[in-house]
Amino acid sequence: MQKNDSARLAGPGFLLSAAAAWAISAAALVLVGALLLRLLHAGEETLAYVSAAVSFLAAYAAGRAASSKNGGGSFAAGLISGATLCIVLLTVGFLINGRSLDASAVLSVASFTLAGALSGALLYRSGKRKHQKTAFAYH
């Protein structure tokens with residue numbers, strides 16, 4: 001009986017590649033977002049949307065990196081990397097704030113980070129796509 005290798009994680013290395021991808025993409029996206037906000041003279045309402053987009057896209061990059069290190073679109077790699085990022089981000093936010101965190105901020109960080117990491121991991125395809133002939137192609 002053959003074991004399914006895609007169900008196993010490649011080790012803790014996928015978390016390091018996910019964290020590196022998140023840090024690099026978050027830094028670049030924050031700079032681009034700040035530039036756009038400055039050029040558009042945007043207010044606080046737009047800042048919330050840009051912040052959500054940065055959070056989602058940086059987590060997407062982390063999930064994609066974790067999935068590629070794992071060898072394919074793995075739900076477990078995306079879930080673990082997203083949960084780890086959430087824990088780290090909320091801990092750092094708590095340490096910086098010094099008091100308690102706002103409930104809406106916790107919900108925003110958790111939802112966008114988990115959704116981005118899972119999307120990045122599940123939408124990643126390793127290798128070349130196989131072309132399948134449909135029944136229509138034979139007619």
Inset, instruction - Would you mind reporting whether Ile80 and Phe14 have side-chain heavy atoms less than 4.5 Å apart? - result: yes
Legend entry - Nearest-0.5 Å distance, CG of residue Leu79 to OG of residue Ser74: 9.5 Å
Legend entry - In one Ile/Leu/Val/Met/Phe/Trp/Tyr side-chain cluster, 4.5 Å: Ile24, Val30: no
Inset, instruction - Can you see which heavy atom on Phe56 is nearest to which on Ser119, and at what distance? - result: CZ-OG, 3.9 Å
Inset, instruction - Supply the atom-to-atom distance Leu40 CG to Leu37 CG, rounded to the nearest 0.5 angstrom. - result: 7.0 Å
Inset, instruction - Could you tell me whether the side chain of Ser25 reaches within less than 4.5 Å of the side chain of Leu57, counting heavy atoms only? - result: no
Legend entry - Closest non-hydrogen atom pair between Ala59 and Phe112, with its separation: CB-O, 4.1 Å
Legend entry - Gap between atom CG of Leu36 and atom CG of Leu47 - 0.5 Å precision: 12.0 Å
Legend entry - Residue among Val32, Leu31, Leu29 satisfying side chain to side chain contact (heavy atoms under 4.5 Å, CB included) with Val54: Leu29
Legend entry - Heavy-atom pair of closest approach, residues Gly63 and Ser81: CA-OG, 4.2 Å
Legend entry - Atom of Ser104, atom of Asp102 and distance for their closest heavy-atom approach: OG-OD2, 2.7 Å
Inset, instruction - Indicate, with yes or no, if Leu90 and Phe94 share a hydrophobic cluster defined by side-chain heavy-atom contacts under 4.5 Å among Ile, Leu, Val, Met, Phe, Trp and Tyr. - result: yes
Inset, instruction - Take Tyr60 and Leu123, measure what side-chain contact (heavy atoms from CB on, under 4.5 Å) needs, and give me the verdict at the end. - result: CA-CA 9 Å; Tyr60 181 89; Leu123 295 178; 4.0 Å; yes
Legend entry - Stepwise side-chain contact (heavy atoms from CB on, under 4.5 Å) test for Thr113 and Ser55: CA-CA 6 Å; Thr113 301; Ser55 180; 3.7 Å; yes
Legend entry - Heavy-atom pair with the smallest gap, counting every atom of Ala21 and Ala61: CB-O, 3.7 Å
Inset, instruction - Working to the nearest 0.5 Å, report the span between CG of Leu114 and OG of Ser111. - result: 8.0 Å
Inset, instruction - Spell out, yes or no, whether Val109 and Trp22 are grouped together once hydrophobic residues are joined by side-chain heavy atoms under 4.5 Å, including indirect joins. - result: yes
Inset, instruction - Check each of Thr91, Thr84, Leu85, Leu89 against Ile87 using the side chain to side chain contact (heavy atoms under 4.5 Å, CB included) test, and report the only one that passes. - result: Thr91
Legend entry - Closest approach of Ala66 to Ala18 (non-hydrogen atoms, all atoms of both residues): CB-CB, 3.9 Å
